[in-house]
Amino acid sequence: MLSILKHNFYSKHTTMSKGITSRNEDYSQWYNELVNKADLAEHSAVRGCMVIKPYGYAIWEKMQAALDQMFKDTGHSNAYFPLFIPKSFFSKEASHVEGFATECAVVTHYRLKNDGSGQIVVDEEAKLEEELIVRPTSETIIWNTYKGWIQSYRDLPILVNQWANVVRWEMRTRLFLRTAEFLWQEGHTAHATSQEAVEETERMLNVYATFAEDWMALPVVRGKKTENERFAGALDTYCIEALMQDGKALQAGTSHFLGQNFAKAFDVKFTSKEGKLDYVWATSWGVSTRLMGALIMAHSDDAGLVLPPKLAPIQVVIVPIYKTEEESQQIGALADDLIAQLKQKGISVKYDDRDTQRPGFKFAEWELKGVPVRVAVGARDLQQGTVELARRDKQTKETVSQDGLADTIEQLLSNIQKNIYEKALSYRDTHITEVDSYEEFKKVLEEKGGFIAAHWDGTVETEKRVKEETKATIRCIPLNNKEEEGTCIFTGKPSKQRVLFAKAY
RNA sequence: CGGGGUGUAGCGUAGCCCGGUAUCGCGCCACAUUUGGGAUGUGGAGGUCGUAGGUUCGAAUCCUGCCACCCCGACCA
């Protein structure tokens, strides 16, 4: 492989007339524009609900495929439960109701009618006897169902996952990060023992962490939520927390140990091997289209989206550069050959032979869309037996030989995947700051951002006070946290370990 | 849900204060010349001014309701 030139191709073209707002200028505007211009999603006619566009959905499908396989590899099966949940189910688990009551969409009628003047109105006579809640999550309907599935320890464990949409009536929404309706998966498992359920909770947390790191190239902290941040109805909530480029944390996945709360609420008992009747132990775990937001914010830059090769719908784009019909055909032949070789390696490739756009335009467009590798082929390359290979993550390009090109590209893709991860990891690691005083805490939060590792007295009151004063919350208590004597930065009371604070999405 | 702001062609906008039928750029279409980093020229198409009412001879402009989006707060994955 020969490498004759290597340079940054943005050095002269930093002002992009049709570009997007830079991250420094306005991070949240940068995000909004990026989502729009990269064709990922847009606002719909319905308040708070988004349209996920084909290119964005293709990324979500890749996430789904990888996660689905991981769930199946850990023994889970998919199933589907109803969108609607009888209102009465919600009243059965007290803290669960409290957690979701304020953001539920409710169906009260089942018919429309013409009011006589051509207006379609709700038919007041078609009132539902019992209102239906559009699921904000499915624990209740699922545990109501599980009651019929479980009699004996022989029926356990039940390891079920569902891919679904859920609705949480949010007041402030942002594409992917927080929308009234979103897509997710929710795993719901039932176990004979507490220990088994706890193991399941941890297993799935690790699945999420592995997915985030291996596929999304997103380093995460595995941790446990404080009482304050815990899922409504859970005994323990585990989470993976990621750090975005603006220094704010984002919860990327959660896994809950539900104890026997839902089994008790829905009276789900089983007979053990010893012939004793006991309530079933439960877990639930989920990740959502919010991961799309995490993916975008973790890696992308001022030129657009940066996608890890493993999740990129298009991993390689080939752009021909020709003057004559003859050149076009020669490049086409070369491209066909390369496409065949790449496909054989399972690499997705697009040959952009549109003759309505010029090469420079295509370069910019595919960069905006985050395609990891670009191959440009022109007359010069035909003569020299080379192509121009550009990598999106570093925005560099080099001229390489056509010999063994498919192998070169395959290696480059895995190199990019690794580089993106390492870049994010190094940002994350340099943005976990240990502080020992409240003054320092506020200073770091304000000036640097990121995670702040500090001692905390373990009380909800302190956490709430800190949140009120600084907007930072305890993102998690990291798993395998080292024990360390210290004093709470806020109250000065004794503490045995540091927890991670941050401003969060 | 509270405070503030915005809504004019696919996108970004001028006009609004002071009412008289909508400006400019990008994009789009056709043709020609172009094609190794977002091409150029010529010609052309495209607008119930977010929406529903009201005031008026006449409303993008003034008034009211509603809807959506953005920023800030409370809430949240």
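Below, chain A is the first sequence line, B the second, and so on; all start at residue 1.
Using atom P as the reference point in both B/G4 and B/G20, the two lie 29 Å apart (nearest Å). Distance noted for atom C1' between B/G10 and B/C18: 33 Å (whole Å). Rounded to a whole angstrom, the distance from the P atom of B/A60 to that of B/A22 is 10 Å. On the P atoms, B/A14 is 31 Å away from B/U55, given to the nearest whole Å. For the C1' atoms, the distance from B/G41 to B/C49 is 32 Å, rounded to whole Å.
Rounded to a whole Å, the CD atom of A/Glu33 is 12 Å from the P atom of B/C70. Rounded to whole angstrom, the span from the NZ atom of A/Lys369 across to the P atom of B/G38 amounts to 20 Å. Computed from coordinates, the A/Arg358 CZ to B/G37 P distance equals 9 Å when rounded to whole Å. Computed from coordinates, the A/Lys464 NZ to B/C75 C1' distance equals 13 Å when rounded to whole Å. Rounded to whole angstrom, the span from the NZ atom of A/Lys503 across to the P atom of B/C76 amounts to 18 Å. Atom NZ in A/Lys471 sits roughly 12 Å away from atom C1' in B/C71 (whole-Å rounding). When rounded to the nearest whole Å, the span between CG of A/Asn36 and C1' of B/C69 equals 11 Å. Straight-line distance from the CD atom of A/Gln29 to the C1' atom of B/U6: 13 Å, rounded to whole Å.
With ring centers used as reference points, A/His76 lies under 6.0 Å from A/Trp285. Ring-centre distance between A/Trp60 and A/Phe176: not below the 6.0 Å cut-off. Remark: aromatic rings of A/Phe451 and A/His431 are distant, center separation not under 6.0 Å. Separation of the A/Phe441 and A/Phe501 ring centroids falls under the 6.0 Å cut-off.
Nearest-nucleotide assignment on RNA chain B puts the 5′-proximal partner with A/Asp355, out of A/Glu229 and A/Asp355. Positionally, the nearest nucleotide of RNA chain B for A/Glu365 lies more toward the 5' end than for the other of A/Glu365 and A/Cys49.
Nucleotide B/G37 forms a pair with no other nucleotide shown, judged by Watson-Crick or G-U wobble geometry with both contacts under 3.5 Å. If you check B/C57 for Watson-Crick or wobble pairing at under 3.5 angstrom, you find it paired to B/G20. Shown here, B/U42 forms a base pair with B/A30; the pair counts as Watson-Crick or G-U wobble because both key distances fall under 3.5 Å. The pairing partner recorded for B/U13 is none, the criterion being a Watson-Crick or G-U wobble arrangement whose two distances lie under 3.5 angstrom. Remark: B/C69 base-pairs with B/G5; criterion is Watson-Crick or G-U wobble with both hydrogen-bond distances under 3.5 Å. Across all strands shown, nothing is found opposite B/A74 as a Watson-Crick or G-U wobble partner with both distances under 3.5 Å.
Within the nucleic acid shown, A/Gly48 comes within 4.0 Å of sugar-phosphate atoms alone, with no base atom in reach, counting heavy atoms only.
Picking from B/C28, B/G38, B/C75 the nucleotide with the shortest atom distance to the side chain of A/Lys467 gives B/C75. Each of B/A39, B/C70, B/G37 was ranked by its minimum atom distance to the side chain of A/Lys397; first place goes to B/G37. Here B/C75 is the nucleotide among B/G36, B/G38, B/C75 with the atom lying nearest to any side-chain atom of A/Thr102. Among B/U35, B/G37, B/C70, the nucleotide with an atom closest to any side-chain atom of A/Arg374 is B/G37. The A/Phe363 side chain lies nearest to B/G37 when the options are B/G37, B/C71, B/G36. Candidate nucleotides B/C76, B/U35, B/C69 were compared by shortest atom distance to the side chain of A/His43, and B/C69 ranks first.
The side chain of A/Arg172 contributes no N or O atom lying less than 4.0 Å from OP1 or OP2 of B/C1. Note on A/Lys323: every side-chain N or O is 4.0 Å or more away from OP1 and OP2 of B/G36. For B/C76, neither phosphate oxygen OP1 nor OP2 lies less than 4.0 angstrom from any side-chain nitrogen or oxygen of A/Arg168.
Side-chain atoms of A/Leu218 and A/Met244, non-hydrogen and from C-beta on, do get closer than 4.5 Å to each other. Side-chain contact between A/Arg374 and A/Glu388: present, with at least one pair of heavy atoms (C-beta onward) separated by less than 4.5 Å.
Screening A/Glu463, A/Glu469, A/Glu461 against A/Arg465 for a salt bridge (Lys or Arg N to Asp or Glu O under 4.0 Å) leaves a single residue, A/Glu469.
A donor-acceptor contact under 3.5 Å is formed by the side chain of A/Glu367 with the base of B/G37.
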